[in-house]
**Student:** 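Got a structure here, written out as structure tokens. Questions coming.
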Amino acid sequence: MKRFSFSILFTVLFHFSFAQEEALWKHLENRLMEGVGVEELEENWEQLYLRWVHPQNINQVSEKELEAMGLLFPYQIEQLSVYRERYGDLLSPSELYFVRGFDGETVALLRPFFYFGKEREEKRPGLKELIANPRVRLRTSYHGKTPLSDIAESLADEERRTKGNWMHQGRVLTRHLALGWVAQQDEGEPWSWQSPRPDYLNGYVSLRNFGRLEQLILGGSRAHFGQGLVFGSVLFSGKSTAVISNADQGGFGFSPYASSGESGYLSGLAFTFRLTKRMRLSALYSRTKEDASRDEEQRGIKTLLVSGLHRTGAERDNESRLSRRLWGGNIDYVLNRSIRAGINVALTRFSIPFSERTELYKRHSFSGDRLLSWSVYASYDFKSLHLMGEWALSSTGGRGVFLSLINKISPSLKFSASWRSYTRDFHSFYGKTLAEQAMQNETGFCLGVSFVPSRRWTVQAYADYVYFPWHRFRVSDTNTRGKSFLLKAVFRKSAAVLFSADLRWKTGQQDYAASNNEALAEPFSAWQLAGRIRHRLSPDGWQLQWTAVLKRRGTQFEQAAGSGLFCDLSRRMDSWLLKSRLAAFRTEYLTRIYLYEPAALYQFSVPFYLGKGIKYVGVVEKKWGSRWRLSAKVAWTRTEEASEGEWAYFFQLVRKW
């Protein structure tokens, strides 16, 4: 649920013209409405930011990197590879028009992130080059509700408190230097005009490509090396709808962090230094303050708190209670274009030790004040076969393994397979990779296939089998198993018309209360069917999309069903942009629908639809020249359970220099 705790899940500000920003955002928003997960788009933002700061040679970029960026569809990626193999290096952007499936919109999206021709020689920049042509963007937003939420109404009035969520973000960027920051205040948190200090403040300064110093970050950062067992920057553990990516969790090193998420990031010093042409050394030191609750005896830490909320007395007592220090490093060695290997090391120290837990499913949770994790990883390419893996150990005695392969059977067909095993005493505080819940107490095998028979059709599917040897939350049995499947098909009749559908099915076990009030682990099955039709009514004007979602989940004790119909309409007119949604839904708690909602520029909004009711959403954006943009969003929801409708509103102001 953490990914839905914030109205703005992740934001990275780009610094080219508003016209380019609109085209990029429109592309990513369409991918969201096609069913691509917000988590995947978050990683796309990371990749796009890095590519824009330091463009890459389009003749050197791999298919995996192109897929991670999210700018091209599978058919376009395949055709670009075919063109490079057949005709050699691309010498200018105009050559992209000769690649099958590429149009003017696609070429315009790619140009800021790549250069063409021969490899550039990187030289150490001087002071003037470091600070030349700075680009600045400031963004302020506010998100409120009427009536106030229950938590806001129940708080005492002895302190002035915010009535909604507000956030200010900024970024200053040159080709080699970047400065970013974020300040945020959540609804119900204390606020004083005499001492206007935000509840959450974070930022960074980043230097890239300064001679052999490839990256230096002071402040907020994230790290992702190898397959993510020790350092994984992804904010979720799950399976991607881009199914081939499930088998390749390869990382991209350090990246700056100035997001609204108030936990899970590093804060300190991180750098990557090129020792030789083939070897790179990365190191980091981080010190962060963590919210945490103590155990009943007040001797140690019971739970880390990640909500970032400091409204009530209890929440404020737990604020910044724990200090966490991390020393870590990575050595990455590239033998040739086919073989790559590396080592990760991470040592974490806590100011207060974690207590041993008495709950059965928590028996193997981390305890103590120190954890050492390390791993080795490698990858090997042989013709159309790509093999990779990582093996990790933690000082608690646990082991984590991730092995996978990707086989390009033909230009239109790809196959992937991965195997993972995380023992119940394996711990990694900064690792994130493919997992059903967390990287602990799990063994799984995942198969994926991607089939692109023509420029119009894309078919993707995966099947994942997972085994849990120990107890889990709400599962009292041991040796439980689960399965999950995805089948997704996309048909693009033209650039203006798109049809897509995806079917998800999952089985497993979960505890339910029997008639004698005892918890029994019973098998459950759940499925979801979603279909979408999008029609661009005019090249630069109206766009209409219909989305239908059906869900069902049940056991012998409980059955739940859910459904929703969503109509999205948007219109672009010179300096204006209008978006709207009409939604009708009927769901229960177990079948609530999470669906991307029309949002303002730089905002990912993924609310859930619960109960029986209707919802209206309207977004208006106005830009003045190339420097100012004002966005406003209003939503009205009415359900059978509520006596009256609830209003929510959002305002955002962006200024560019």
**Student:** Quick one: ring pair (Phe, Tyr, Trp, His ring centres under 6.0 Å) partners of F429, sequence neighbours excluded?
**Tutor:** F350, F366
**Student:** To the closest 0.5 Å, what do you measure between OG (S563) and NZ (K612)?
**Tutor:**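 Answer rounded to 0.5 Å: 10.0 Å.
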**Student:** I need the L326 CG to L284 CG distance, nearest 0.5 Å.
**Tutor:** 5.0 Å
**Student:** Step through it carefully: locate the ring centre of F566, locate the ring centre of Y609, and say whether they are under 6.0 Å apart.
**Tutor:** yes
**Student:** Among all residues two or more places apart in sequence or in another chain, which pass the salt bridge (charged side-chain N to carboxylate O under 4.0 Å, His left out) test with E641?
**Tutor:** none
**Student:** Before accepting this row, confirm whether a basic side-chain N of the pair E187/K163 lies closer than 4.0 Å to the acidic partner's carboxylate O.
**Tutor:**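 No, E187 and K163 are not salt-bridged.
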**Student:** Under the side-chain contact (heavy atoms from CB on, under 4.5 Å) rule, what do I301 and T303 come out as? Steps first, then yes or no, please.
**Tutor:** CA-CA 6 Å; I301 296 298; T303 307; over 6 Å; no
**Student:** How many angstroms lie between atom OG of S307 and atom CD of E262, to the nearest 0.5 angstrom?
**Tutor:**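 Result: 8.0 Å between the selected atoms.
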**Student:** Under the rule for side chain to side chain contact (heavy atoms under 4.5 Å, CB included), what residues qualify as partners of W546, not counting sequence neighbours?
**Tutor:** L544, L565, C567
**Student:** V205: what forms a side chain to side chain contact (heavy atoms under 4.5 Å, CB included) with it, not counting sequence neighbours?
**Tutor:** L179
**Student:** Strictly by salt bridge (Lys or Arg N to Asp or Glu O under 4.0 Å), give each pair with a member in residues 197-207 just once, sequence neighbours left out.
**Tutor:**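 As it turns out, there is no salt bridge (Lys or Arg N to Asp or Glu O under 4.0 Å) pair with a partner in residues 197-207 once direct neighbours are skipped.
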**Student:** Applying salt bridge (charged side-chain N to carboxylate O under 4.0 Å, His left out), can you list everything that pairs with R324, at least two apart in sequence or on another chain?
**Tutor:**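 R324: salt bridge (charged side-chain N to carboxylate O under 4.0 Å, His left out) contacts with E290.
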